[in-house]
Protein chains: 2
Amino acid sequence: MSKQDLAPAASAGCCAPVAAAPLDEERATGLAAVFKALGDPVRLRLLSMIAAREVCVCELTPAFDLSQPTISHHLKLLRQAGLIDCERRGTWVYYWALPDALDRLVGFLTAARADA
Amino acid sequence: MSKQDLAPAASAGCCAPVAAAPLDEERATGLAAVFKALGDPVRLRLLSMIAAREVCVCELTPAFDLSQPTISHHLKLLRQAGLIDCERRGTWVYYWALPDALDRLVGFLTAARADA
DNA sequence: AGCTTGTATCGAAGTTTGTCGATGCAAGCT
DNA sequence: AGCTTGCATCGACAAACTTCGATACAAGCT
């Protein structure tokens, strides 16, 4: 039996036949990488602080009970996920948020939300 | 539009924005647990299939190149995250999505997005 | 040139995660 | 009762993750 045609298009009737495409494997991998970056309380708090306004690392590190290398590691993961970016200005390094990555996540979630 | 002044004693300059509260540790832990559940391509695809419509496990398992216990394990994690729920009906088990969890994630993301 | 401070990178240790085969349980059969 | 099918749980293993101290790099000092 072919499971290609999962959608019975039963009583759905008029509108919304198979609302969102079932999320192909490639797109799922890309999205999952970003979600995984948010799957840690420390990184979530870091992102929320950075999204509020551009922040220097020297303000972020003392806000946690973690070592400086650990905070630096989490910032690197957020950056690799495309959620933030940084720049060195003299002695200090400043981080800011990249809204596009958040937009992609919201797009997926609202599509799933709409289906449900 | 009330901006609570949680500003750090830093010399933030004139206005000291700090829009949303910086996401307390407890809420960050709860949200991160849900984001972590989405941090895997298999679970993301499972959720998108389940969100489209209520689905029987017997339709989900053959859609992946993974063993049946592995799919069952991923479904359990999604359920523990509050993203889906299930019910046994005779021989088969059916899963459906819980939109509230998605709403919470969208709420966090759009708040962060607004700040940035 | 040295010294000091801010940040990133480098191993390493301990924990968690993804996956599997084997097994167990539930429900519908004959 | 037995047999078969659908799904969950168990135990194990390799891979990945989080965290740390030690170290290296970068920039502004004296």
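Proteins get letters first, then strands, A, B, ... in listed order; numbering begins at 1 in each.
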Looking at every heavy atom in both A37(A) and A81(A), which two are closest together, and how far apart are they? CB-CB, 3.5 Å
Expected output: side-chain S72(A) to main-chain Q68(A) donor-acceptor under 3.5 Å: no
d(CD1, I71(B); P, dC20(C)) in whole Å: 8 Å
Any donor-acceptor pair under 3.5 Å linking the side chain of T110(B) with the backbone of G107(B)? yes
Using whole Å, report how far CG of D85(B) lies from P of dA8(D). 12 Å
Gap between atoms CD and C1', on Q80(A) and dA8(C) respectively (whole Å): 13 Å
How many whole angstroms separate atom CZ of R89(A) from atom P of dG28(D)? 14 Å
So CG of L66(B) and CG of L46(B): to nearest 0.5 Å the spacing works out to 9.0 Å
Working to the nearest 0.5 Å, report the span between CZ of R79(A) and CD1 of I50(A). 11.0 Å
Distance, rounded to the nearest Å, where L60(A) contributes CG and dG6(C) contributes P: 14 Å
Can you pull out how bent the helix from dA1(C)-dT30(D) to dT30(C)-dA1(D) is, comparing the axes over its first five and last five pairs, to 10°? 10°
Under the rule for side chain to side chain contact (heavy atoms under 4.5 Å, CB included), what residues qualify as partners of V34(B), not counting sequence neighbours? L83(B), L105(B)
Touch check for Y95(A), heavy atoms < 4.0 angstrom, all strands: base, sugar-phosphate only, or nothing? sugar-phosphate
Check whether Y94(A) forms a cation-pi arrangement with R88(A) (NZ or CZ under 6.0 Å from the six-membered ring centre, at most 45° off the ring normal). no
Go along nucleotides 17-27 of chain D 5' to 3' and tag each nucleotide: B for a protein heavy atom under 4.0 Å from its base, S when only backbone or sugar atoms are that close, - otherwise. SBBBBB---SS
Between CZ of F64(B) and P of dC20(C) the distance, given in whole Å, is 12 Å
Thinking salt bridges, do D103(A) and R113(B) make one under a 4.0 Å N-O criterion? yes
